[in-house]
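By convention in this document, chain letters (A, B, ...) are assigned in the order of the sequence lines, proteins followed by strands, and residues within each chain are numbered from 1.
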Amino acid sequence: MLEIAYIRQNSEDVITRLAVKHFDAKAVIAEILSVDENKRAIQTKLDDVLSQLNKASKEIGDLYKAGKKQEADELKNKTTAWKQEITSLEGDLKKADQDLQDKAVLLPNLPNKNVPKGKTPEDNEVVFKHGDIPQLPESALPHWELTKKYDLIDFELGVKIAGAGFPVYKGKGAKLQRALINYFLDKAAEAGYMEIEPPILINKDSGFGTGQLPDKEGQMYHVTLDDLYMIPTAEVPITNIYRDVIVDEESLPIKNCGYTPCFRREAGSYGKDVRGLNRLHQFDKVEIVQIQHPDKSYATLEEMREYVAGLLKSLELPFRTLRLCGGDMSFASALTYDMEVYSGAQKRWLEVSSVSNFETFQSNRMKLRFKGGKDKPRLAHTLNGSALALPRIVAAILENNQTEKGIRMPKAIVPYTGFEMIS
RNA sequence: GGAGAGAUGGCAGAGCGGUUUAAUGCGGCGGUCUUGAAAACCGUUGAACCUUCACGGGUUCCGGGGGUUCGAAUCCCUCUCUCUCCGCCA
């Protein structure tokens, strides 16, 4: 959520920058400014009347103590009108505040100056490329054939147990999952991230804090009996650890990571995009999260991008890094890099990581602040990235490394899998 | 699931209608003393919002919401959460 004070002082800038995200903010901003002004007028008035009442109450107490009952009673009568006014003003204030909140929540985060102007995924800017596109023989199989051939993943069995999009990993397929999770967590620890194992169900406040609620309610599984949501990413519980917290400036940056399964309803998805491991309702992911000083958050974003690139290199996967254009960015992000690996048999790029700086968009919702010395608390910047999402990594490894004799494992994870080949 | 207890400032912990503008202790910060440190002593110690060019002034916050009252941390209602015991259970 954007800060109201910022909107008040920079309304033109907000409108211009939101246009990059193809969001026409003109009308909403005008409404916000007007409601905000009205709200402040109400509050000034209310504070004034409350102040009078407080003063009178004190006097009444003193008068009673001094035995001047009659004077006290007279003063009491005066308060009736004030109390009515207070009730009325409080109602107005609450309404104005709610109104303001409702409108402000509709505004996406402001894109950073470096965000390309485009509208569709084609307009994303390729900022980095690594590795050669694998030249596989015509007989090369897509991963959903390979997983069947080597009995690694049973998609039909998942349908029986839960439904489409809930694969059952078996044998070396399951072991590969576990190996990748451990590998990613170990690498993150080496890079200074503290491992967290968070709850995978979250409450409404947490969903609001990171921006999933209220807009994306339909994307999450909702456990209605207890009013909890299954996490779509570890970002939600790990970032919400710091909701309503004021951290010491010296403790920045805070670097956390965690492995969790992730659950997404993916309502409306269909076609070949959802084939095999390409899009699932449940998948495994290791997430990295940082909380950083506003002055340093963009350096941190680059550092995180480099970190994820390093992981992909170590897995010997060809990949490219995209800077997302205004039209393709998420609601909450100020700047996002997507990392895509090339999946040789499908002959397409698959997104395996998304690294974003949210600036104060999440921290303002969460009231996550930092404080140094005698300075006033300020909103911190939050960042996160996948490091990495497993299914598409697995898809690319299986497809790109297939040979006549079986599927070769990248060297880096052999110590974790305990096998070099799947055959 | 049953029974009971509780929710107060960074933490611990008083307060149970108007000397609370929240006692006291610990912690934190500053100082005195000291070659330095410790101890001791003194001072200081939150957040949000409104208003003001500024100095300052005002309002709100004792789990959330509502009520009683001129006045609520304190009384009433309600919700949520936590703890203890019992039951069940990985």
Side-chain angles (χ1 to χ4, degrees), chain A residues 1-9 32-105 197-209 213 223-229 237 240-252 254 261 291 360 363-380:
Chain A
M1 191 165 68
L2 301 178
E3 292 170 82
I4 301 294
Y6 185 86
I7 297 173
R8 197 188 302 150
Q9 286 151 27
I32 286 176
L33 291 178
S34 132
V35 175
D36 175 54
E37 197 178 336
N38 183 236
K39 184 198 138 186
R40 275 153 48 222
I42 294 168
Q43 182 162 357
T44 306
K45 190 82 207 290
L46 175 62
D47 284 359
D48 206 47
V49 185
L50 279 169
S51 179
Q52 284 183 68
L53 183 67
N54 285 343
K55 222 179 279 171
S57 297
K58 211 161 204 173
E59 271 178 56
I60 290 169
D62 292 340
L63 288 171
Y64 271 124
K65 244 181 280 172
K68 298 175 181 169
K69 189 164 182 309
Q70 200 173 344
E71 284 179 52
D73 287 341
E74 276 171 32
L75 196 49
K76 256 196 211 181
N77 291 334
K78 272 202 195 165
T79 63
T80 320
W82 292 336
K83 288 182 71 175
Q84 265 170 20
E85 196 176 358
I86 286 167
T87 309
S88 146
L89 285 170
E90 276 177 342
D92 293 348
L93 183 67
K94 204 169 175 181
K95 226 165 74 192
D97 198 38
Q98 187 62 52
D99 197 15
L100 195 59
Q101 185 82 3
D102 290 348
K103 289 189 163 73
V105 162
E197 186 181 315
I200 60 174
L201 269 74
I202 50 139
N203 57 30
K204 278 206 159 72
D205 286 343
S206 296
F208 178 81
L213 293 175
V223 182
T224 51
L225 200 55
D226 296 289
D227 202 17
L228 296 169
Y229 296 85
N240 271 282
I241 291 171
Y242 301 93
R243 174 155 43 85
D244 294 318
V245 170
I246 300 174
V247 299
D248 205 338
E249 182 171 359
E250 279 160 35
S251 66
L252 301 177
I254 293 168
I291 294 161
T360 60
S363 60
N364 188 37
R365 288 172 161 244
M366 278 191 283
K367 302 302 165 219
L368 189 190
R369 290 163 293 171
F370 72 92
K371 184 183 156 104
K374 291 214 163 90
D375 296 340
K376 283 210 128 201
R378 291 174 62 193
L379 295 172

Give none if [N] has no partner; otherwise give the nucleotide forming a Watson-Crick or G-U wobble pair with it, both distances under 3.5 Å.
N       : result
rU32(B) : rA40(B)
rC61(B) : rG46(B)
rG4(B)  : rC83(B)
rC70(B) : rG18(B)
rC89(B) : none

Worksheet item: Would you say K45(A) reaches rU51(B)'s phosphate, i.e. side-chain N/O to OP1/OP2 under 4.0 Å?
Response: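 So the side chain of K45(A) is outside the cut-off, no N or O lying under 4.0 Å from OP1 or OP2 of rU51(B).
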Discussion item. I want to check one thing: is the phosphate of rA47(B), taken as OP1 and OP2, less than 4.0 Å away from some side-chain N or O of K376(A)?
Written reply: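 Result: no.
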Between the protein and nucleotides 57-59 of chain B, which nitrogen or oxygen pairs are less than 3.5 angstrom apart?
{"from": "rG58(B)", "atom 1": "O3'", "to": "S51(A)", "atom 2": "OG", "distance (Å)": "3.2"}
{"from": "rG58(B)", "atom 1": "N2", "to": "D47(A)", "atom 2": "OD2", "distance (Å)": "3.0"}
{"from": "rU59(B)", "atom 1": "OP1", "to": "N54(A)", "atom 2": "ND2", "distance (Å)": "3.3"}
{"from": "rU59(B)", "atom 1": "O2'", "to": "D47(A)", "atom 2": "OD1", "distance (Å)": "3.1"}

Nearest-Å distance, [atom1] ([X]) to [atom2] ([N])?
X       : N       : atom1 : atom2 : value
D375(A) : rG46(B) : CG    : P     : 14 Å
I42(A)  : rU60(B) : CD1   : P     : 17 Å
R365(A) : rA48(B) : CZ    : C1'   : 19 Å
E90(A)  : rC49(B) : CD    : P     : 19 Å

Discussion item. Between D248(A) and K371(A), does any side-chain N to carboxylate O distance fall below 4.0 Å?
Written reply: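 Salt bridge: no.
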Worksheet item: Going by an N to O cut-off under 4.0 Å, is there a salt bridge joining R40(A) and D36(A)?
Response: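 Counted as a salt bridge, because a side-chain N and a carboxylate O are separated by less than 4.0 Å.
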Worksheet item: Which pairs count as salt bridge (charged side-chain N to carboxylate O under 4.0 Å, His left out) when at least one residue sits in residues 43-62 of chain A, sequence neighbours excluded?
Response: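 Sorted result for residues 43-62 of chain A: K45(A)-E85(A).
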Discussion item. Holding to side-chain hydrogen bond (donor to acceptor under 3.5 Å, both in side chains), I want the full list of residues that pass it with D73(A), two or more places apart in sequence or in another chain.
Written reply: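 Counting only residues at least two positions away or on another chain, D73(A) forms a side-chain hydrogen bond (donor to acceptor under 3.5 Å, both in side chains) with Y64(A), K69(A).
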Worksheet item: When you measure from the centre of the six-membered ring of F208(A), is the NZ or CZ of R365(A) under 6.0 Å away and within 45° of the axis?
Response: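 Here R365(A) passes the 6.0 Å and 45° test against F208(A).
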Worksheet item: Among rC50(B), rA48(B), rG71(B), which nucleotide sits nearest the side chain of L53(A)?
Response: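 So the side chain of L53(A) is nearest to rG71(B).
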Fill in: Under 3.5 Å: donor-acceptor pair, side chain of N203(A), backbone of L228(A)
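Side chain of N203(A) to backbone of L228(A), a donor-acceptor pair under 3.5 Å: no, none is there.
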Worksheet item: What integer number of Å spans the C1' atoms of rC16(B) and rA7(B)?
Response: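 Their C1' atoms lie roughly 15 Å apart.
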Worksheet entry | Separation between the C1' atoms of rG13(B) and rC26(B), rounded to whole Å |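 My reading of the C1' atoms in rG13(B) and rC26(B) gives 11 Å.
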Fill in: Whichever of K371(A) and R40(A) has its nearest RNA chain B nucleotide further upstream toward 5'
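First, find each residue's nearest nucleotide; the 5'-ward one identifies K371(A).
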Worksheet entry | Toward the 5' end of RNA chain B, by each residue's nearest nucleotide, I246(A) or K76(A) |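 Nearer the 5' end of the strand: I246(A).
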Where do N or O atoms of nucleotides 64-66 of chain B meet protein N or O atoms at under 3.5 Å, pair by pair?
{"from": "rG66(B)", "atom 1": "OP1", "to": "K94(A)", "atom 2": "NZ", "distance (Å)": "3.0"}

Discussion item. Using a 6.0 Å cut-off, check whether atom CD of Q9(A) has over 12 heavy atoms from anything other than its own residue.
Written reply: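 Atom CD in Q9(A) is crowded, with more than 12 foreign heavy atoms closer than 6.0 Å.
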Worksheet entry | side chain to side chain donor-acceptor pair (under 3.5 Å) contacts in which one or both residues fall within residues 87-96 of chain A, not counting sequence neighbours |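 Not a single pair qualifies under side chain to side chain donor-acceptor pair (under 3.5 Å).
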Discussion item. Using a heavy-atom cut-off of 4.0 Å across all strands, would you classify R8(A) as base, sugar-phosphate, or nothing?
Written reply: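 Since only primed, P, OP1 and OP2 atoms lie under 4.0 Å of R8(A), the category is sugar-phosphate.
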Discussion item. Just so I know, are the side chains of S363(A) and R369(A) near enough to count as touching, which here means a heavy-atom distance under 4.5 Å?
Written reply: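 The answer is no, as the side chains (C-beta and beyond) never meet within the 4.5 Å cut-off.
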Nucleotide N/O of nucleotides 18-23 of chain B paired with protein N/O under 3.5 Å:
{"from": "rG18(B)", "atom 1": "N2", "to": "S57(A)", "atom 2": "O", "distance (Å)": "2.8"}

